[in-house]
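Data block below; observations after.
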Number of protein chains: 2
Amino acid sequence: MTTIETHAPELLTVGEAAELSGTATSAIRFYERQGLIESQRTSGNQRRYQPWVPCVVRVARVAQRVGLSVQEIAKVLEDVPDEPTPEDWQRLTDHLIADAERRIAELHAVLADLKSETKRCDLPGR
Amino acid sequence: MTTIETHAPELLTVGEAAELSGTATSAIRFYERQGLIESQRTSGNQRRYQPWVPCVVRVARVAQRVGLSVQEIAKVLEDVPDEPTPEDWQRLTDHLIADAERRIAELHAVLADLKSETKRCDLPGR
DNA sequence: GCTTGACTTCAACCAATGTTCAAGTTCTAG
DNA sequence: CTAGAACTTGAACATTGGTTGAAGTCAAGC
């Protein structure tokens with residue numbers, strides 16, 4: 001971990017990263033502890049984030065809303081290199097969407113299954 | 001709340017309901033406290049569940065996996081009457097699927113948006 | 001009618017996902 | 001160079017979604 005000049009070009013403070021990703025700074029630090037994102041440090045020990053980090057956080061937040069845990073998201077993000085290329089974003093996108101669709105399919109399946117098990121679930125004649 | 005004869009036909013004990021829904025009895029009691037399901041009581045104060053209750057629990061569990069909180073699921077289930085008809089199950093199904101699809105759409109949207117904001121997220125030139 | 005397993009409540013605990021606060025440090029503007 | 005905003009860590013707290021355990025009650029079979 002090489003430390004970074006205080007005013008490095010393009011790097012974001014934790015506050016800036018929070019604002020750009022629409023979260024609180026406490027969440028940003030939490031996600032870093034959980035391994036979703038990484039930071040460099042200034043000589044004075046302050047965090048500095050790469051400019052794409054807020055994008056990662058935004059993705060993570062939406063992924064949570066479709067049912068992934070932070071650990072699961074961290075796992076998916078492991079495969080995304082630092083300084084992601086458009087192709088990396090595309091693969092991440094595909095992965096997350098596929099994952100979410102899989103759960104929807106499960107939901108469909110359970111619901112369909114229930115409908116077929118009429119005897120137990122529908123109880124038609126009272 | 002009329003109490004029920006001990007050995008009422010077709011009613012399930014908490015253990016049976018748990019087994020049929022693939023959860024622990026503690027979860028069944030928890031879901032009841034949260035208003036997802038209801039029970040009657042025997043004269044000896046034991047819970048007795050209608051036979052479709054395990055189905056509701058199964059649905060709830062899958063719904064959790066697509067990102068709904070227990071409170072949100074409870075809200076959806078409010079609209080399902082006791083002794084649901086096939087049409088009730090159908091509406092529940094539609095509601096839950098629609099809800100889940102909505103989140104997937106959000107995920108799609110965020111990801112698409114990120115891709116369009118190339119300047120901030122892709123950083124093509126190193 | 002007694003035994004045994006399943007049930008009851010209540011309280012404590014757990015993990016996940018953060019937020020809040022206190023005490024101290026760094027950064028930036030003037 | 002200094003004031004104030006933004007940062008640091010660590011600990012405590014909050015909420016959600018349960019699990020576990022103790023102490024006691026109920027129900028079913030012999």
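Residue numbers begin at 1 in each chain, while the letters A, B, ... track the order of the sequences.
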What one should report as the nearest heavy-atom pair of B:Leu77 and B:Leu36 is CD1-O, 3.6 Å
For C:dT20, does either OP1 or OP2 sit under 4.0 Å from a side-chain N or O belonging to A:Ser26? no
If we only count heavy atoms from C-beta on, is the A:Val53 to A:Leu12 side-chain gap below 4.5 Å? no
Given side chains that start at C-beta, do those of A:Phe30 and A:Val70 come closer than 4.5 Å, heavy atoms only?
yes
Checking D:dG18, D:dT19, C:dG18 against the side chain of B:Phe30 (C-beta onward), the nearest is D:dG18
Between A:Arg47 and A:Ser39 the two heavy atoms that sit nearest each other are CG-OG, 3.7 Å
A:Arg33 CZ to C:dT19 P, in whole Å, measures 11 Å
B:Glu72 atom CD is separated from D:dT16 atom P, nearest whole Å, by 11 Å
Is there side-chain contact between A:Glu38 and A:Gln50, with at least one heavy-atom pair below 4.5 Å? no
Residues of residues 59-71 of chain B with a heavy atom under 4.0 Å from any atom of DNA chain C, listed by number, are none
*More than 12 foreign heavy atoms under 6.0 Å from CD of A:Glu19: is that the case here?*
no
Quick tally for nucleotides 1-13 of chain D: nucleotides whose base has a protein heavy atom under 4.0 Å get B, sugar-phosphate-only ones S, the rest -, giving ------SBB----
Output for pair (B:Leu111 CG, A:His95 NE2), nearest 0.5 Å, gives 12.5 Å
Review point. If we only count heavy atoms from C-beta on, is the A:Gln64 to A:Ile73 side-chain gap below 4.5 Å?
Key: yes
When rounded to whole Å, the CD1 to C1' distance for the pair A:Ile28 and C:dT20 reads 17 Å
Here the distance between atom C1' of C:dC7 and atom CD of B:Gln40, to the nearest Å, is 17 Å
- Query: Taking only side-chain nitrogens and oxygens of B:Tyr31, does any of them come within less than 4.0 Å of OP1 or OP2 of D:dG18?
  - Reply: yes
